[in-house]
Chemist: 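Below you will find the structure I want to go over with you.
Because only heavy atoms are used, hydrogens play no part in the values below, and waters and symmetry mates are left out as well, while side chains stay in.
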Amino acid sequence: MSFSFTVKEEILQTITSADKKRACLYGMLSFCKQFSKEKIIFQTGNQSVADAFKNLVCSLTGENYSPVVSIIKKTNSLNTYTVSVKNADC
């Protein structure tokens, strides 16, 4: 495992309170590939981070949004995980 992977895993384990969840989601949202009223797209090479983003959206927004995680397989054996969140009202 890389140093970056290990650090991300350790950080994710510390996100336990509601304040930390909001702060973490806010930070992740600032690095989204697409961020608009209609759709949010978050991409990462780490499955744990993708799952954490999905779980944070679900836990902080209730059942208003249903994030979908998809995997893009690369030829060099590295995967890209994409989490899409669509606005149900649009």
Chemist: What's the separation between atom OG in Ser84 and atom CD in Gln43, rounded to the nearest 0.5 Å?
Modeler: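 Going from the OG atom of Ser84 to the CD atom of Gln43 covers 8.5 Å.
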Chemist: Begin with the C-alpha distance, continue with both residues' side-chain angles, and end with the deciding distance and a verdict on side-chain contact (heavy atoms from CB on, under 4.5 Å) for Val85 and Phe53.
Modeler: CA-CA 10 Å; Val85 182; Phe53 183 82; 4.2 Å; yes
Chemist: Among Ile71, Val68, Ile72, exactly one meets side-chain contact (heavy atoms from CB on, under 4.5 Å) together with Thr82. Which residue is that?
Modeler: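 Output: one option passes, namely Ile72.
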Chemist: So do Asp51 and Ser48 actually touch side chain to side chain, heavy atoms under 4.5 Å?
Modeler: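 Of all side-chain heavy-atom pairs linking Asp51 with Ser48, none is under 4.5 Å.
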Chemist: Can you measure from OG (Ser17) to CZ (Arg22) and round to the nearest 0.5 angstrom?
Modeler: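 Answer rounded to 0.5 Å: 8.0 Å.
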Chemist: Group every Ile, Leu, Val, Met, Phe, Trp and Tyr by side-chain heavy-atom contacts under 4.5 Å, then state whether Ile11 and Phe31 land in the same group.
Modeler: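 As far as the 4.5 Å side-chain criterion goes, Phe31 and Ile11 are not connected within one cluster.
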Chemist: Do Val57 and Val69 share a hydrophobic cluster, counting only Ile, Leu, Val, Met, Phe, Trp and Tyr and linking them when any side-chain heavy atoms are less than 4.5 Å apart?
Modeler: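 In one cluster with Val57: Val69, yes.
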Chemist: So, taking the atom named OG in Ser30 and the one named CG in Leu25, what distance separates them when rounded to the nearest 0.5 Å?
Modeler: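 Reported to 0.5 Å precision, the distance equals 10.0 Å.
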Chemist: Please evaluate residues Gln47 and Asn79 with respect to the criterion side-chain contact (heavy atoms from CB on, under 4.5 Å), reporting the C-alpha separation (whole Å), side-chain torsions for both, the decisive distance (0.1 Å), and the verdict.
Modeler: CA-CA 9 Å; Gln47 184 176 4; Asn79 295 331; over 6 Å; no
Chemist: Would you name the heavy atoms of Phe35 and Cys32 that are closest together and state the gap between them?
Modeler: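 Scanning both residues completely, I find the closest heavy atoms to be CB-CB, 4.4 Å.
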Chemist: In the structure I gave you, are the side-chain heavy atoms of Asn46 and Glu9 within less than 4.5 Å of one another anywhere?
Modeler: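 With C-beta onward as the side chain, the pair touches.
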Chemist: Nearest 0.5 Å, please: how far is OG1 in Thr16 from NZ in Lys21?
Modeler: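 Lys21 NZ to Thr16 OG1: 8.0 Å, rounded to 0.5 Å.
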Chemist: Do Met28 and Val49 have side chains that get closer than 4.5 Å, going by heavy atoms?
Modeler: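 With C-beta onward as the side chain, the pair touches.
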Chemist: Can you confirm whether Leu29 sits close enough to Phe42 that some side-chain heavy atom of one is under 4.5 Å from a side-chain heavy atom of the other?
Modeler: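 With C-beta onward as the side chain, the pair stays apart.
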